[in-house]
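Worksheet: one structure, shown below.
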Amino acid sequence: MRSIAICSQKGGVGKTTTAVNLGAFLSHAGQRTLLIDLDPQANATSGLSVSHPAIPPLKHLLEDPSSLFRCTQPTGEDFLLLVPSTQDLAFHLELGRTDPKWVLRIRDELLRSDPQYDFVLFDVPPSLSQITLLALEVADSVLIPVQCEQFAASGLAQILPFLEAVEDSRRIRVEVEGVLPTMFDEEEELSHELERELREHFPGKVLNSVIPRDPTLAESASHGLPICEYDLRSRGAWAYLSLAKEIMSHVSKDQKAWSGSRFAHSPERRAVRRRHQRP
């Protein structure tokens, strides 16, 4: 199992879009995936058409961390489950910070679930908060979306020192899964320039996959569907397909699984299932 925290200090960079669509494509590749929505805005929950529960499922972790995987809900995607969020999630998680052993118990529970999931993704708030710290303490690595626009690298420049501080204070190693360029505009020279700058200033950390600026991604989210269900032939869909393949390539045991997946052999798969017709 590999657990990945998807976080960015700056909002509006495609963090939740990445969490939802990466999770969906991993699941379609046959990877058993759990998406844990740790953002009180609960956009990942809405983006998968899951109702917001009256009481945050993660509240039960305050009493019993072993309840983590009893908090999951189906998403309509095979092999993708979700732990949903609500607006008062932050309050309950802050309460949980009063117990220093709480994070350790959650981490132990994740390790015990290793045969059950191939990937666990955390969607965290767009801030360097206690919730972000929680995800970094529990996850194996961090995936950082960075928008290809002016001053976008400033958010990355802030979060990398934060990761170093977490490593020093918590005595843990925070691995960078990769920096993901998002909202890339092929026709804008500025996008090309900023992508080059990212690769120059952060060598070895920037992923090969680049997410384009594609209105279809916003449309799919508004309809509560991942892009692979809304419009598989869109540029955004193929970009997230590429990202899923790249993330899976980081884990050698998953490389064979990808070669046998239905996406690898079915490029003409319909954009929308019959039960989710595009409006």
Fill in: Listed partners of E246 passing side-chain hydrogen bond (donor to acceptor under 3.5 Å, both in side chains), at least two apart
S209
Item to complete: Using the rule that two of Ile, Leu, Val, Met, Phe, Trp, Tyr join whenever any of their side-chain heavy atoms come within less than 4.5 Å, decide whether L194 and V13 are in one cluster.
Response: no
Worksheet entry | P126: side-chain contact (heavy atoms from CB on, under 4.5 Å) partners, not counting sequence neighbours | K15, D39, Q41
Worksheet item: Can you name the nearest heavy-atom pair linking S27 to F79, along with the distance?
Response: O-CD1, 3.5 Å
Discussion item. To the nearest 0.5 Å, what is the distance between CG on L48 and CD on E77?
Written reply: 7.5 Å
Discussion item. Strictly by salt bridge (Lys or Arg N to Asp or Glu O under 4.0 Å), give each pair with a member in residues 174-185 just once, sequence neighbours left out.
Written reply: R2-E175, R2-E177
Practice prompt. Carefully, step by step, assess I227 and S234 under the rule side-chain contact (heavy atoms from CB on, under 4.5 Å).
Written response: CA-CA 8 Å; I227 192 63; S234 65; 3.5 Å; yes
Worksheet item: With side chains defined as the heavy atoms from C-beta onward, is the minimum distance between P226 and S220 less than 4.5 Å?
Response: no
Worksheet item: Is there a side-chain contact between E186 and S191 (heavy atoms, below 4.5 Å)?
Response: no
Worksheet item: Is any side-chain heavy atom of Y230 closer than 4.5 Å to a side-chain heavy atom of T216?
Response: yes
Fill in: V210 with L143, same ILVMFWY side-chain cluster at under 4.5 Å
no
Practice prompt. Using atom types as modelled and distance alone, determine if a side-chain donor or acceptor of T75 lies under 3.5 Å from a backbone N or O of L80.
Written response: yes
Practice prompt. Measure the CG-CE distance between D140 and M1 for me, rounded to the nearest 0.5 Å.
Written response: 6.0 Å
Fill in: Contacts of A239 that satisfy side-chain contact (heavy atoms from CB on, under 4.5 Å) - sequence neighbours left out
I211, P212
Worksheet item: salt bridge (Lys or Arg N to Asp or Glu O under 4.0 Å) with E189: which residues, sequence neighbours excluded?
Response: R196
Worksheet entry | Distance, nearest 0.5 Å, that separates CG of L180 from NZ of K205 | 15.5 Å
Fill in: Donor-acceptor pair, side chain of S8 and main chain of I144, under 3.5 angstrom
no
Worksheet item: Any donor-acceptor pair under 3.5 Å linking the side chain of S49 with the backbone of G224?
Response: yes
Worksheet item: Just how far is it from atom NE2 of H250 to atom OG of S141, taken to the nearest 0.5 Å?
Response: 9.0 Å
Worksheet item: When you measure from the side chain of D118 to the backbone N and O of Q31, does any donor-acceptor pair fall under 3.5 Å?
Response: no
Practice prompt. Check whether any side-chain heavy atom of L82 lies under 4.5 Å from a side-chain heavy atom of T72, and answer yes or no.
Written response: no
Discussion item. Counting C-beta onward and ignoring hydrogens, is there a side-chain heavy-atom pair between L22 and L121 closer than 4.5 Å?
Written reply: yes
Fill in: Side-chain donor/acceptor of T45 to backbone N/O of S85, under 3.5 Å
yes
Worksheet item: With a 4.5 Å heavy-atom cut-off, do V142 and C7 have their side chains touching?
Response: yes
Worksheet entry | Residue pair I4 / V120, side-chain heavy-atom distance below 4.5 Å | no
Worksheet item: Are H28 and E229 close enough, and set up right, to give a side-chain hydrogen bond (donor to acceptor under 3.5 Å, both in side chains), and what steps lead you there?
Response: CA-CA 10 Å; H28 276 289; E229 298 296 344; 3.0 Å; yes
Worksheet item: Can you name the nearest heavy-atom pair linking L207 to P181, along with the distance?
Response: O-CD, 4.3 Å
Worksheet item: What are the two closest heavy atoms between D214 and G236, and how far apart are they?
Response: OD2-N, 2.8 Å
Practice prompt. Sequence neighbours left out, what passes ring pair (Phe, Tyr, Trp, His ring centres under 6.0 Å) with H192? Give chain and number order.
Written response: F184
Worksheet item: Considering residues at least two apart in sequence or located in another chain, which fulfil the side-chain contact (heavy atoms from CB on, under 4.5 Å) criterion with A44?
Response: T16, V20, L35, D37, D123
Worksheet item: What heavy-atom pair brings V50 and P84 nearest, and what distance separates the two atoms?
Response: CG1-CB, 4.3 Å
Worksheet item: Which ILVMFWY residues are connected to M183, directly or by a chain of links, through side-chain heavy atoms under 4.5 Å apart?
Response: none
Fill in: Straight-line distance of L163 CG to T132 OG1, nearest 0.5 Å
10.0 Å
Worksheet entry | Residues in side-chain contact (heavy atoms from CB on, under 4.5 Å) contact with A139, at least two apart in sequence or another chain | S3, A5, F122
Discussion item. Just so I know, are the side chains of M248 and L26 near enough to count as touching, which here means a heavy-atom distance under 4.5 Å?
Written reply: yes
Discussion item. Which residues pass the side-chain hydrogen bond (donor to acceptor under 3.5 Å, both in side chains) test with N43, not counting sequence neighbours?
Written reply: none
Practice prompt. Kindly write out the residues that satisfy side-chain hydrogen bond (donor to acceptor under 3.5 Å, both in side chains) with T18, not counting sequence neighbours, or none if the list is empty.
Written response: Y240
Worksheet item: About how many Å separate CG of L243 and CD1 of I247, when rounded to the nearest 0.5 Å?
Response: 5.0 Å
Item to complete: Examine I36 and V124 and state if one hydrophobic cluster contains both, with Ile, Leu, Val, Met, Phe, Trp and Tyr joined whenever side-chain heavy atoms are less than 4.5 Å apart.
Response: yes
